[in-house]
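Some notes on the structure that comes next.
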Amino acid sequence: MIKTVFIHQANGKMDNAIMKRLFKLYDLDSVPDNLVPMTISWLGNSSVATILP
């Protein structure tokens, strides 16, 4: 059984879409909570540009 999936994409919307499509391939309707932790806000890119002072 898979407990955690880490996806490295540009934003959370992409991660969610990838997992939904993957689960749909196996006739599963929903992605379990906490299966795909969202670390983008503190480990990677965000989906918007940022200007630093």
What distance do Lys24 atom NZ and Leu28 atom CG have between them, rounded to the nearest 0.5 Å?
11.5 Å

Check Met19 against Val36 and note the closest heavy-atom contact, atom names and distance.
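Closest approach of Met19 to Val36: CG-CG2, 3.3 Å.
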
Test item: Thr4 and Leu35 side chains (from C-beta on) under 4.5 Å apart, heavy atoms
no

Please tell me whether Phe23 and Phe6 are part of a single hydrophobic cluster in this structure, the criterion being side-chain heavy atoms less than 4.5 Å apart.
no

